[in-house]
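This report concerns only the one structure given below.
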Amino acid sequence: MKFSEFFIPTLKEEPGEAEISSHALSLRAGLIRKIASGIYSFLPLGLRVLRKIEEIVRQEMDNAGAIELFLPVLQPSDLWEKSGRWKEYGPEMFRLKDRNKRDFCLGPTHEELITYLAYLDLKSYKDLPVNLYQIQVKFRDEMRPRYGLLRAREFIMKDSYSFCRNDDSLDIIYKKMYNAYCRILERIGLRYRVVEADTGLIGGSSSHEFIILAENGEDKLVFCPECGYSANLEVSGSSPGGGSGSCVNCGKNLKTEKGIEIGHIFKLGSKYSDRLDARFVDVDGKQKPLIMGCYGIGITRMLAAAIEQMHDSKGIVWPVSIAPFAVNLIVTTGKNEEFLKAGDLVYRILTGLDVEVLYDDREVNAGIKFKDSDLIGIPIRFILGRKFLDNKLIDVEYRKDGKKMELSLDSIPGFIKKLNTANNLKSPLNE
RNA sequence: CGGGAUGUAGCGCAGUUUGGUUUAGCGCGCAGCGUUCGGGACGCUGAGGCCGGGGGUUCAAAUCCCCCCAUCCCGACCA
């Protein structure tokens with residue numbers, strides 16, 4: 001992609017409305033723009049990152065045996081009346097009426113709809129277990145939207161729902177989802193912890209939260225450096241105000257940490273199947289409620305959380321896994337024919353090797369290109385300057401640690417191959 | 001929903017205390033021309049504002065008063 005033909009409106013100055021790094025940087029790097037409190041447009045660069053996150057999540061869901069479907073955002077009130085949550089959800093639910101004055105809501109979550117599907121089509125133990133997921137936009141009229149994408153009123157989430165004939169079967173799927181979530185976070189390259197959590201309004205018996213560690217996180221957790229036990233501060237049994245207390249497993253002192261909740265998995269049991277009459281016939285010929293689990297991971301929140309964890313004073317430092325481009329190719333002068341010819345050549349070589357390149361061919365000073373490059377945070381930078389015209393040498397720099405090396409034209413394929421085999425450059429979309 | 005703050009050009013801000021020399025300014029960005037050209041370079045020229053909205057007070061309001069709206073932060077709550 002040529003920078004001059006793409007759409008990356010970067011900002012030199014920090015927008016006044018942004019208080020934390022991820023918010024400021026996602027605005028400055030031209031990933032998003034605000035349309036109202038807690039509501040954002042995704043610009044092309046931001047969308048590329050979202051697609052990569054989605055693709056990693058999708059692959060891991062498929063690997064874990066989940067099946068993708070797509071449920072509507074617009075939902076009639078009936079099912080919510082049945083589950084009792086039309087009232088329970090309160091003002092956090094966006095509600096509207098159709099032309100016939102029927103009540104609808106914009107789905108804040110999808111337990112009701114998916115359970116209705118199960119009610120319709122899961123009749124026998126032979127149909128089970130099933131684990132269904134979607135990547136869908138959610139609407140929640142938050143009391144206080146905050147920190148840009150971290151707490152938005154419209155956001156994208158991967159949510160899955162499993163249906164089993166009994167608790168043992170649920171345990172197996174729950175464990176699979178647990179592991180899939182760990183793999184997602186590891187593939188993206190985030191530092192995280194899994195904690196025991198409160199079940200909240202969703203309800204159910206047991207649940208775990210996946211927390212991305214970050215100083216600005218809203219969630220507090222305790223962690224035992226000794227045995228690895230970790231829990232949400234609310235359920236750790238330690239005093240919420242003062243010290244972190246001692247570990248329930250080994251008695252050692254607990255450390256408190258802060259982070260951003262990115263995923264949450266629940267064993268729901270039969271809460272929704274009971275309320276919505278979702279029953280199946282078991283081996284013994286008897287009607288039983290479907291045993292459910294639900295598993296959510298925030299896609300748009302992941303984008304923000306990743307920035308929150310991975311940035312420096314100059315800008316974003318994307319991990320290769322979700323970077324909008326793998327290589328930022330810079331010609332130091334966009335006005336000079338010789339430079340542009342060289343740039344075009346290297347651009348063709350890289351794209352020919354299936355590398356996602358952002359080719360900065362703009363007619364602006366090199367300084368601007370470097371600053372933008374730092375801001376946008378593409379992992380690897382190829383620089384073509386006078387040195388290239390003289391000796392045919394490309395300067396290669398890593399965004400993360402600033403390491404530099406020189407590369408000749410001939411050694412580009414080898415360089416890329418090495419990166420690919422090190423699984424360093426591959427976008428999930430190309431796998 | 002309680003507490004706090006802020007709305008002036010696309011972005012960042014000054015001007016509001018004490019109403020009038022301000023025709024409403026500065027920096028960045030944007031457009032044109034020229035010089036630069038490996039870390040947001042320089043010069044000249046130019047476009048861009050119902051000072052968040054409405055209502056008052058006054059000879060006169062960005063500035064004082066009332067109401068509304070929007071945005072952000074803290075809290076309670078939540079993925």
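First the proteins, then the strands, lettered A, B, ... as listed; each starts at 1.
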Closest approach to the side chain of [X], judged atom by atom: which nucleotide of [options] is it?
X         : options                : answer
His264(A) : G40(B), A79(B), C74(B) : A79(B)
Glu13(A)  : G39(B), C74(B), C11(B) : C11(B)
Lys371(A) : G39(B), U71(B), C77(B) : G39(B)
Glu17(A)  : U71(B), A79(B), G40(B) : U71(B)

Check your understanding: Hey, is Phe155(A) doing a stacking thing with A79(B), by the 5.5 Å centroid and 30° angle criteria?
Key -> yes
Point to revise | Sugar-phosphate only, base, or nothing, as touched by Arg153(A) at under 4.0 Å among non-hydrogen atoms | key: nothing
Check your understanding: NA contact type, Asn336(A), heavy-atom cut-off 4.0 Å: base, sugar-phosphate, or nothing?
Key -> nothing
Can you find a side chain N or O atom of [X] that sits less than 4.0 Å from OP1 or OP2 on [N]?
X         : N      : answer
Tyr147(A) : C74(B) : yes
Thr333(A) : C37(B) : no
Arg146(A) : C73(B) : no
Ser37(A)  : A70(B) : no

Practice item. May I have the step-by-step check of ring pair (Phe, Tyr, Trp, His ring centres under 6.0 Å) for Phe210(A) and Tyr178(A), ending in yes or no? Key: CA-CA 9 Å; Phe210(A) 292 75; Tyr178(A) 183 107; 5.5 Å; yes
Check your understanding: Starting at CD of Glu363(A) and ending at C1' of G40(B), how long is that distance when rounded to a whole Å?
Key ->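 Whole-Å distance recorded here is 17 Å.
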Review point. Within this structure, what is the CD1-to-P distance between Ile20(A) and C73(B), rounded to whole angstrom?
Key: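 Atom CD1 in Ile20(A) sits about 8 Å away from atom P in C73(B).
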Practice item. Identify, between Ile383(A) and Asn365(A), the residue whose nearest nucleotide on RNA chain B lies closer to the 5' end. Key: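 Mapping each residue to its closest nucleotide by heavy atoms, the 5'-most match is Ile383(A).
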